[in-house]
Amino acid sequence: MAAPREKWNSQAGFILAAVGSAVGLGNMWRFSYLAAEHGGAAFVVLYLGFTLVIGLPVLLAEVAIGRGARRSPIRALEHFGGRGWRWLGWLFVASGFLILAYYSVIAGWTLRYALDGLTGFATDSGGFFAEVSTGGDAALWHLGFMALTACVVAGGIRGGIERTALVLMPALFVLLVGLAIYAATLDGTGPGYRHYLSTDFSAIFDREVMVQAAGQAFFSLSLGMGAMLTFASYLDRDHGLQSESVIIASSDFVVAFVAGLVVFPLIFAFGLQAEVGGSTVGALFITLPHAFAEMGAAGNVVGALFFVGLAVGALTSAVSLLEVVVSSAIDGLGWSRRRSTVCLAALTAALGIPAALDLEWLGLMDQVAGNLFLVFGGLMLAIFVGWRMNDPTSVVLEGATSTAWLPAWRWLLRFVVPVILVLVLAGSLVATWELLVGEG
Ligand code: TRP
């Protein structure tokens with residue numbers, strides 16, 4: 001069989017790659033959008049709370065399984081749970097395929113915007129979006145983005161994924177902070193900051209806001225489909241997992257928070273808040289470019305940089321999605337990395353074509369795979385580690401320096417995480433149903 005399992009070059013490399021997976025369109029836009037819709041700082045506080053109460057425990061569960069088994073998801077679950085749990089690994093792989101297929105279409109748009117923005121954003125940003133988001137152009141940019149993702153994954157854990165994350169993640173962070181500072185120099189941003197950072201805290205007790213915040217905390221950390229599990233399967237057992245998980249979760253939060261400091265002032269400075277309508281995608285690809293167009297020449301540069309940042313976030317996330325699928329083929333079929341990458345990236349690219357040709361189809365894939373599958377997968381994972389695995393604590397303990405919060409971890413996984421995720425799942429089922437019925 002194949003060569004010995006690949007390894008990260010350094011613990012920092014693993015952490016940055018995991019942060020790369022977590023930081024994506026979810027932080028840069030979905031977060032701000034939800035915060036704007038759901039009472040600003042109240043949402044931020046709730047989101048932070050759910051990151052601690054469900055995000056961190058599930059993240060630690062995923063990395064513990066991955067590092068403990070040192071196998072890709074299907075085999076890792078079989079290793080700890082027996083053959084009866086393989087199906088969950090298959091669900092993870094299916095989610096990887098489906099999410100990557102449409103995620104890559106959206107990422108293609110960001111590449112397109114970054115390039116076109118340099119020569120000026122269209123004032124009729126709605127018309128521009130309608131033109132580039134669907135059809136042959138969208139399909140081509142999607143294929144280009146998939147090729148880029150495949151190049152990184154084909155380079156392997158060290159040479160491809162780790163190296164890319166080491167360069168791109170710090171660059172992305174510097175870029176975002178720069179944009180936030182620039183946004184602070186604009187006139188008329190006061191209402192934007194106020195909308196973001198002050199709040200009516202009674203929103204905290206609103207059930208809808210809670211469900212949204214919990215779902216976002218989960219989505220933003222890339223949980224529920226084995227991405228973190230797979231990355232952790234390339235770790236040695238001589239380091240801990242707990243402070244790593246805390247670093248990953250807090251970086252993800254900080255990036256989302258800073259992105260809010262870019263987005264809110266920009267939109268309010270140009271009085272476009274009313275344009276932020278009923279869809280996340282519209283807000284990101286229509287309202288914000290409108291603001292950049294209003295800014296004139298500076299807007300070209302700032303806007304292009306913003307979309308480059310988005311594309312970078314999307315690339316490092318897409319890499320982790322493809323790695324779930326590729327590592328499963330390497331482990332399960334004994335294929336070489338290169339062969340797995342080429343074949344599976346091609347398959348995903350084909351799967352994404354319908355999404356590039358039809359926006360409604362893209363929305364449906366997002367709802368079913370990006371929402372439903374992930375929450376369900378995370379729920380099952382919590383049940384698996386909370387109730388099925390024999391001694392998950394000892395798996396975490398290898399290489400660990402502190403044991404203090406492990407009892408709390410198991411308790412959260414057993415009782416708290418399942419209850420919250422069942423509520424989120426119920427909300428997601430209703431939303432999926434509405435989308436399906438609305439389509440028919
Ligand atoms: N966390 C990513 C973001 O914030 C999106 C995402 C969700 C993801 N699940 C994932 C990325 C799984 C990679 C793997 O945009």
Side-chain angles (χ1 to χ4, degrees), residues 16-35 47 50-51 54-55 58-59 62-63 66 72-73 91-107 109-110 145-146 149 152-153 161 164-165 168-169 172 176 212-232 248-260 263 280-281 284 309-328 348 365-378 381 421 424 428:
L16 279 179
V19 172
S21 170
V23 169
L25 303 173
N27 304 59
M28 318 251 314
W29 184 260
R30 199 170 180 263
F31 169 79
S32 321
Y33 176 81
L34 288 173
Y47 168 76
F50 281 122
T51 298
I54 61 172
V58 177
L59 176 58
E62 278 208 23
V63 292
S72 53
L91 179 76
F92 288 172
V93 172
S95 306
F97 267 124
L98 290 173
I99 298 177
L100 182 54
Y102 73 82
Y103 202 80
S104 163
V105 175
I106 303 177
W109 300 342
T110 67
F145 183 83
M146 273 309 303
T149 308
V152 176
V153 173
I161 299 178
T164 314
L168 290 184
M169 292 324 289
L172 173 59
L176 266 184
Q212 291 290 345
Q216 173 65 9
F218 200 74
F219 178 86
S220 187
L221 281 171
S222 302
L223 299 173
M225 54 142 298
M228 295 299 183
L229 187 163
T230 305
F231 272 5
I248 294 166
S250 23
S251 314
D252 185 55
F253 173 78
V254 170
V255 170
F257 187 76
V258 174
V263 168
T280 39
V281 168
L284 175 56
L310 277 175
V312 164
L315 179 64
T316 51
S317 296
V319 160
S320 75
L321 287 161
L322 186 57
E323 180 61 27
V324 170
V325 182
V326 164
S327 75
S328 301
T348 321
M365 287 176 88
D366 178 38
Q367 183 57 43
V368 173
N371 227 317
L372 208 54
F373 281 20
L374 289 186
V375 179
F376 181 71
L381 206 71
L421 287 185
V424 177
S428 178

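Residue indices begin at 1 and follow the sequence shown. In each ligand, atom 1 is the first atom listed, and ligand 1 is the first ligand listed.
Here salt bridge (Lys or Arg N to Asp or Glu O under 4.0 Å) pairs that include residues 311-323, with residues two or more places apart or in two chains, are Glu323-Arg337.
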Validation: residues 93-100 side-chain donor-acceptor distances under 3.5 Å, sequence neighbours left out:
from  : atom 1 : to    : atom 2 : distance (Å)
Ser95 : OG     : Leu91 : O      : 2.9

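Tyr102 is linked by a ring-ring contact (aromatic ring centres under 6.0 Å, His included) to nothing, counting only residues two or more places apart in sequence or in another chain.
Atom-to-atom distance recorded for Ser428:OG and Leu421:CG is 11.0 Å, nearest 0.5 angstrom.
In this pair, Phe31 and Tyr47 present their aromatic rings tilted. The plane angle is within the 30 to 60° band. A parallel orientation is assigned to the rings of Phe253 and Phe257, their planes being inclined by less than 30° (bins at 30° and 60°).
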Taking a 3.5 Å cut-off between nitrogen or oxygen atoms, can you list every pair linking ligand 1 to the protein, with distances?
from     : atom 1 : to     : atom 2 : distance (Å)
ligand 1 : 1 (N)  : Ala22  : O      : 3.0
ligand 1 : 1 (N)  : Phe219 : O      : 3.0
ligand 1 : 1 (N)  : Ser220 : O      : 3.1
ligand 1 : 1 (N)  : Ser222 : OG     : 3.0
ligand 1 : 4 (O)  : Ala22  : O      : 2.9
ligand 1 : 4 (O)  : Gly26  : N      : 3.4
ligand 1 : 4 (O)  : Asn27  : OD1    : 3.1
ligand 1 : 15 (O) : Leu25  : N      : 3.1
ligand 1 : 15 (O) : Gly26  : N      : 2.8
ligand 1 : 15 (O) : Tyr103 : OH     : 3.1

